[in-house]
Number of protein chains: 2
Amino acid sequence: MVDVAQAAGTSQKTVSRVVNGEPGVRPETVERVQRAIAELGFRRHDGASHLRRGTSTASIGLVLEDLAGSFYSAVTAAVERSARERGYLLLTGSADGDPERAGRLVQAFAARRVDGLLIAPNLVGDEVLTANLPPDVPAVLLDRPSADHRTDEVLSDNAGGIAAAVRHLAGQGHRRIAYLGDDERFWTSRQRRDGFLATCAELGLPTDGLVSLGALDPVGLAAAVNGWTADGVTAVVTGNNRASVALLHHLHEHPGPRPAHVGFDELDLADVLDPPLTTVAQDAGGIGQAAVDLLFERIGTPTLPPRSVVVPTRLVVRRSSPPPDAAPVRNAR
Amino acid sequence: MVDVAQAAGTSQKTVSRVVNGEPGVRPETVERVQRAIAELGFRRHDGASHLRRGTSTASIGLVLEDLAGSFYSAVTAAVERSARERGYLLLTGSADGDPERAGRLVQAFAARRVDGLLIAPNLVGDEVLTANLPPDVPAVLLDRPSADHRTDEVLSDNAGGIAAAVRHLAGQGHRRIAYLGDDERFWTSRQRRDGFLATCAELGLPTDGLVSLGALDPVGLAAAVNGWTADGVTAVVTGNNRASVALLHHLHEHPGPRPAHVGFDELDLADVLDPPLTTVAQDAGGIGQAAVDLLFERIGTPTLPPRSVVVPTRLVVRRSSPPPDAAPVRNAR
DNA sequence: TCCGTCGATGACAACGTAGTCATCGGCCGG
DNA sequence: CCGGCCGATGACTACGTTGTCATCGACGGA
């Protein structure tokens, strides 16, 4: 600005005024300054501006488990859009399975003075969080709860989604329904398994030996599925995309009578699969948007009591979940 | 820092020394300061630090078309990882189909003094770019070329990938191969179509009426496919995920003789589809990493001549591309 | 004992910007 | 013609931090 001021034959303060569109500058002066700005290629230093103004940085941070992955990327897209609509920029970081890395990201974002944080990595224990999250930084947990419920959180209706899946299968007449989930370390895995168990109990369905968590490798999976088949299982609920894909692979490579299948979390190609896969669709966009809404409310009113938002899921019935005695449904040819 | 200094009974400068781990502070003093820091919950203001030091902000900006989408999210993940490994933070933004929005993002990132920019939105014309990209901000174009080749760029080997697909089909004995691409406005669409035409010409294959761009809606697509079928087409190459999925939908809903099919860009479920889809896999991770490498080289040596990196693709042959006279390959049951 | 040296510390300025207040010329009404 | 007022502008300072340099006490060697 000093350089611009010199070039325009004015003072640095007047340049500041022009840059910020403040009134009370002669049009002629404005033009001189703007010409100098254009000539010198001047750009205001936002960081210095924020520092002087003492205002926010107009940015929020998003800590994820993994930026790839359809669910998280859909969430990210929704978050970025909501933030952008409010004039905020988004900083993103992946924990990539390392809770310590997540902690460092939180600290780095806090040091950059983001106005708020969205935290999603599923492997992060609360100790990592409380150790790294400064108490004065507004934060919302995404797709994972806060142990002490002192932080805002946005969750998918895991239990409800699984319940819908089980009820749908039970409604089709299935009595022996198995559950294939991802690793027990993930909160969502436990949550969905518990939802499965609860719903089965409610409906009087058996669950002994019908739940497998974390064995998604071909060998482990084959063992589980074969056991289930021998046990008269006619339907399987898969607890996340990884489990769904693993089961699809297994069924693809071991042709034969196909159990009914409902997968948690939508797949892009669900309705092009053969048979099209019945899924419990999570509302990734809704989750992202709700999280940003919550975050800005908290930024606006830090004294708000902690809130928990549960975003509903939607059961999308396709053809992978017919009644048990029906012949496996394939495309007519 | 002033508050901390007062609490620790020292000067603000000594606090700075402790915070930055500078030598020459008595251990006793260090401890007093650290206690004060902990008590007051002090965190250094990175923005002010960067301002004073005149150093970089240790951040880079990534402007995408759309943060969702498997290709872009894979690229983003790779970019973030590479940046993080270098101690850099990543700012992300989506253009969402609006070139003007992309321009605003570029300006916002530049005003934040990111150390470099990765720019990918495919709808952005060069005028938008040059109008918004300050000449002194290092930038790398991702998955799109710079018209004047004065900016570094990382591209997927579109022509090579399509050529591999066509050659594979020709090798299987197909003579009438059609090409289904996305909207012509996208540079990659045009690029891949041109690759298709070039390879067909090279192999002496006909292309008249065998190329359809942008008609991915059910009606338009059905018209194209029916025309092709009547015209004796036995194989189709789809130019991106959208086209692949559109064709898969169409074939799914119109059972009958199935043309051989090779899709550009990998699909998560390619090998669970029926038949498993032969694809030209792009190396999203490699593209992201190459872009970051290029960016940091340019940041390090701004005078480097502009470079263009082409990341190879890989043909993954599955069962959707059998010879023309073979019965459509389905799973054995 | 004196001086040079060294370790520890603090005072001050500056990074780029914006808020506060003073200055200055011209204009109006009396 | 004069005092007050207003529009336009600039000087100065502070935001939170770090680089530079000065200060000050202690210590070792002559």
Side-chain angles (χ1 to χ4, degrees), chain A residues 1-37 40-59 89 107-115 134 136-137, chain B residues 1-37 40-59 89 107-115 134 136-137:
Chain A
M1 277 191 180
V2 177
D3 296 345
V4 172
Q6 188 167 6
T10 176
S11 78
Q12 173 262 329
K13 177 64 214 193
T14 296
V15 176
S16 168
R17 278 193 256 262
V18 172
V19 167
N20 293 298
E22 290 174 27
V25 183
R26 285 217 320 266
E28 176 196 317
T29 311
V30 170
E31 208 202 330
R32 275 208 325 277
V33 170
Q34 279 172 341
R35 213 165 19 229
I37 287 177
L40 296 172
F42 167 84
R43 284 164 289 141
R44 185 179 67 176
H45 190 306
D46 274 7
S49 176
H50 289 140
L51 177 61
R52 174 58 180 110
R53 290 185 139 115
T55 61
S56 80
T57 57
S59 59
L89 251 33
Q107 291 196 327
F109 288 157
R112 299 285 176 122
R113 294 295 194 273
V114 295
D115 296 306
D136 59 337
V137 176
Chain B
M1 277 192 182
V2 176
D3 296 346
V4 172
Q6 188 168 5
T10 177
S11 79
Q12 176 260 340
K13 176 65 213 193
T14 296
V15 176
S16 168
R17 278 193 256 264
V18 172
V19 167
N20 292 299
E22 290 174 27
V25 183
R26 288 219 317 270
E28 176 196 317
T29 311
V30 170
E31 208 203 329
R32 278 210 322 278
V33 170
Q34 279 172 341
R35 214 168 16 234
I37 286 176
L40 296 171
F42 167 84
R43 284 164 288 141
R44 185 180 65 176
H45 189 306
D46 274 8
S49 177
H50 288 140
L51 177 59
R52 174 59 181 110
R53 288 184 139 118
T55 63
S56 79
T57 56
S59 59
L89 252 32
Q107 291 196 326
F109 288 158
R112 300 284 175 124
R113 293 296 193 271
V114 294
D115 296 307
D136 58 338
V137 176

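Note on naming: letters A, B, ... go to the chains in the order of the sequence lines (proteins, then strands), and numbering restarts at 1 for each one. Just so you know, these numbers come straight off a predicted model, no measurement behind them.
Side-chain nitrogen and oxygen atoms of A/Arg52 include none within less than 4.0 Å of the OP1 or OP2 phosphate oxygen of C/dC15.
Bounding nucleotides for the chain A contact on DNA chain D, 5' to 3', at a heavy-atom distance below 4.0 Å, are D/dA8 to D/dG16.
If you check every strand for non-hydrogen atoms under 4.0 Å, B/Arg43 touches sugar and phosphate atoms only.
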Working for side-chain contact (heavy atoms from CB on, under 4.5 Å), residues A/Arg43 and B/Arg113: CA-CA 9 Å; A/Arg43 284 164 289 141; B/Arg113 293 296 193 271; 3.9 Å; yes
Is there a side-chain contact (heavy atoms from CB on, under 4.5 Å) between B/Phe42 and B/Val19? Walk through the geometry before answering. CA-CA 10 Å; B/Phe42 167 84; B/Val19 167; 3.9 Å; yes
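Within residues 14-26 of chain A, the residues approaching DNA chain D are A/Thr14, A/Arg17, A/Gly24, A/Val25, A/Arg26, by heavy-atom distance under 4.0 Å.
Place B/Arg53 and B/Lys13 on DNA chain C by their nearest nucleotides, and B/Lys13 ends up nearer the 5' end.
For the pair B/Leu51 CG and C/dT17 P, the computed distance is 9 Å after rounding to whole Å. Between B/Asp46 atom CG and C/dC15 atom C1' the separation is 15 Å, expressed in whole Å. Taking atom CE on A/Met1 and atom P on C/dG19, their separation rounds to 11 Å, with Å as the unit.
Here the straight-line distance linking atom CZ of B/Arg17 with atom OG1 of B/Thr29 works out to 10.5 Å at 0.5 Å rounding. A/Thr14 OG1 to A/Met1 CE: the interatomic distance, rounded to the nearest 0.5 Å, is 11.0 Å. Here CZ of A/Arg26 is found 12.0 Å from CD of A/Glu31. Values are rounded to the nearest 0.5 Å.
Under 3.5 Å, the side chain of B/Gln12 and the base of C/dA11 form no donor-acceptor pair of N or O atoms.
Side chain of A/Arg32 to main chain of A/Ala8: a donor-acceptor pair is present (N/O by atom type, distance under 3.5 Å, no hydrogens or angles).
Within the 4.5 Å cutoff, no side-chain heavy atoms of B/Arg112 are placed close to those of B/Thr57.
Within 6.0 Å of CD in A/Gln6 there are 12 or fewer heavy atoms belonging to other residues, nucleotides or ligands.
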